[in-house]
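Predicted model, so just to flag it, every value in this text is computed and none were measured. Just so you know, ligand 1 is whichever comes first in the structure, and atom 1 is the first atom listed for that ligand.
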Amino acid sequence: MAEKNDKYGKELDLAVRIVHMACSLCQKVQQSLVSAASGHVLAKDDDSPVTIADWSVQATVSWLLSEFLEGWSVSIVAEEDVQTLSKPEAASLLSAVVNTVNECLAEAPKYGLQCPKKVLGTSQILEAISRCNSTGGPTGRHWVLDPVDGTLGFLRGDQYAVALGFLEDGKLVLGVLGCPNYPMRKELLNYNHQCNQIKPTSPPSSDIWQKGCVMYARRGTGQAWMQPLIHGDTKFEWPNSATLLQASPVDDPSLATFCEPVEKANSNHLFTEGLVNSIGLKNRPMRVHSMVKYAAIARGDAEVYIKFARSGYKEKIWDHAAGVVIVEEAGGVVTDAGGRPLDFSRGLYLEGLDRGIVACSGPILHDKIIGAVYASWDSSNL
Ligand SMILES: Nc1ncnc2c1ncn2[C@@H]1O[C@H](COP(=O)(O)OS(=O)(=O)O)[C@@H](OP(=O)(O)O)[C@H]1O
Ligand SMILES: [Mg+2]
Ligand SMILES: [Mg+2]
Ligand SMILES: [Mg+2]
């Protein structure tokens, strides 16, 4: 962990504590959603799901960043807004969000942070959510938040992530990724998804499933770290509990494992199948929701992550920021399909992205995949 005087040390320390809190919030909401088999799930305009957890995490993170970075006029780029939540028919949803946020903030001392002097009211919570309306850009400091990435995975009792990145002058400098359902063994990561597809209402039950982690990295250190999630009455303690992450040394495609989004609608599975076959990648794909795919590369559980969204879809910065810096500092390489670094300096979207995203555990494998993309592209139906 960064010493307190190091650049961004204060921000990283705070962000890690906040993400631990957010993960704990999500675990509680996920348990209650899965056991109620219904609950507060809404569809957004683009038909994607949003839950109590998405809004509650955004409110909690926003409140904590503003409180502890006072005077920095905190700028936050985040996924959710308050439109749906402010409608009269969403009153019970809003009250659940208010309770969830206050319960989470009351636990702040366990994470070494102060809780609010008074319980936060509805308007303060709506304000905290809507304050995250920054559009980022090439100058200044901006936090980039995906409160729940992989909401679909979250609803299935499967993989999801809380992702918090930090940009300065258009450059990604910090990434913190909370993975509350990240299992301890790689085989379980794959099995977890399949298991929950068959039995979507069964939450992971044994300790091994529930053991989550928080990963973090600071640009330029060449180090990425992982801590176990805080459970029960354990007090937050670090840097003692952190272990160094190292991306996989495998550079032979025939030995590599690749991961990709679960949903065909989010990435072209047919194209990646042709692509990985063409370079002799034999292992079957690990289909995992959310930025846990970046976490798997950083931790050495997989070697390649490929995402080719349908043409016309614009990738949002909060779906990648935290994961990219963690993979890069763990020794990996992340670019677009043309081999260029992702550009976080141009607002809400990864503008100028060439076709898709390719993240690899190292440069040799990355070169091979990019070469294969060029070779496969013309014959593809994208
Ligand atoms: N049509 C389309 N194409 C590409 N990407 C899309 C699309 N729609 C949504 N999204 C974004 O995908 C985020 C989830 O990515 P995943 O890799 O987890 O996808 S998947 O659930 O495994 O299929 C998801 O993030 P969350 O909304 O935070 O869950 C979306 O931002
Ligand atoms: Mg997302
Ligand atoms: Mg999200
Ligand atoms: Mg979403």
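Asp251 is linked by a side-chain contact (heavy atoms from CB on, under 4.5 Å) to Ile364, counting only residues two or more places apart in sequence or in another chain.
Under the 6.0 Å distance and 45° angle rule, Arg355 counts as a cation-pi partner of Tyr374.
Tally of protein N, O or S atoms closer to the Mg ion (ligand 3) than 2.8 Å: 3.
The closest non-hydrogen atom to atom 4 (C) of ligand 1, taken over Tyr294, Tyr313, Tyr305, comes from Tyr313.
Set against the non-hydrogen atoms of Asp146, the atoms of ligand 1 under 4.0 Å away are 28 (O). For ligand 1 and Val262, the ligand atoms under 4.0 Å from any heavy atom of the residue are 20 (S), 22 (O), 23 (O). Which parts of ligand 1 touch Lys293 is read off a 4.0 Å heavy-atom cut-off, strictly below it: atoms 16 (P), 17 (O), 18 (O), 22 (O). For ligand 1, the atoms closer than 4.0 angstrom to any heavy atom of Ser290 are 16 (P), 17 (O), 18 (O). Of all atoms in ligand 1, numbered sequentially from 1 with element shown, those under 4.0 Å from a heavy atom of Ala265 are 1 (N), 2 (C), 3 (N). Within the listing of ligand 1, atoms 4 (C), 5 (N), 12 (O) sit less than 4.0 angstrom from a heavy atom of Lys307.
For the residue pair Thr272/Glu260, the side-chain donor-acceptor check at 3.5 Å is satisfied.
Applying the salt bridge (Lys or Arg N to Asp or Glu O under 4.0 Å) definition to pairs two or more places apart or across chains, those involving residues 112-127 are Glu127-Arg131. Among residue pairs with one or both ends in residues 81-90, none qualify as side-chain hydrogen bond (donor to acceptor under 3.5 Å, both in side chains); sequence neighbours excluded.
The closest protein non-hydrogen atom to atom 27 (O) of ligand 1 is Glu79 OE2, 3.0 Å. Atom 31 (O) of ligand 1 has its closest protein heavy atom at Asp319 OD2, 2.5 Å. Shortest contact from atom 19 (O) of ligand 1 to any protein heavy atom: Asn266 ND2, 3.0 Å. Of all protein heavy atoms, the one closest to atom 21 (O) of ligand 1 is His289 ND1, 2.7 Å. When hydrogens are left out, the protein atom nearest atom 29 (O) of ligand 1 is Gly150 N, 2.8 Å; that is the closest non-hydrogen contact. In terms of protein heavy-atom proximity, atom 23 (O) of ligand 1 is closest to Glu263 N, 2.7 Å.
At a threshold of 4.5 Å between non-hydrogen side-chain atoms, the residues Asp319 and Asp149 count as touching.
Checking only distances, Asp149 does come within under 3.5 Å of ligand 1, N or O to N or O. Taking distance alone, with nitrogen or oxygen atoms compared against 3.5 Å, Trp318 stays at or beyond that limit from ligand 1. Residue Leu152 has no nitrogen or oxygen atom sitting less than 3.5 Å from a nitrogen or oxygen atom of ligand 1, judged on distance alone.
Cluster membership check: Val333 does not share its hydrophobic cluster with Ile369, using side-chain heavy-atom separations under 4.5 Å among Ile, Leu, Val, Met, Phe, Trp and Tyr. The cluster map of Ile, Leu, Val, Met, Phe, Trp and Tyr, joined by side-chain heavy atoms under 4.5 Å apart, puts Ile52 and Leu152 in different clusters.
Assignment of Val288 to the shell around ligand 1 is supported, since a heavy atom sits closer than 4.0 Å. Residue Asp54 places no heavy atom under 4.0 Å from ligand 1.
Between Val77 and Leu348 the shortest heavy-atom distance is CG1-CD2, 3.5 Å. Contact record, Val327 with Tyr294: CG2-O, 3.3 Å, taken as the closest heavy-atom pair.
At distances below 3.5 Å, at least one donor-acceptor pair connects side-chain atoms of Asn181 with backbone N or O atoms of Asp158.
For the atom pair CD of Glu103 and CG of Leu25, the computed distance is 8.5 Å after rounding to the nearest 0.5 Å.
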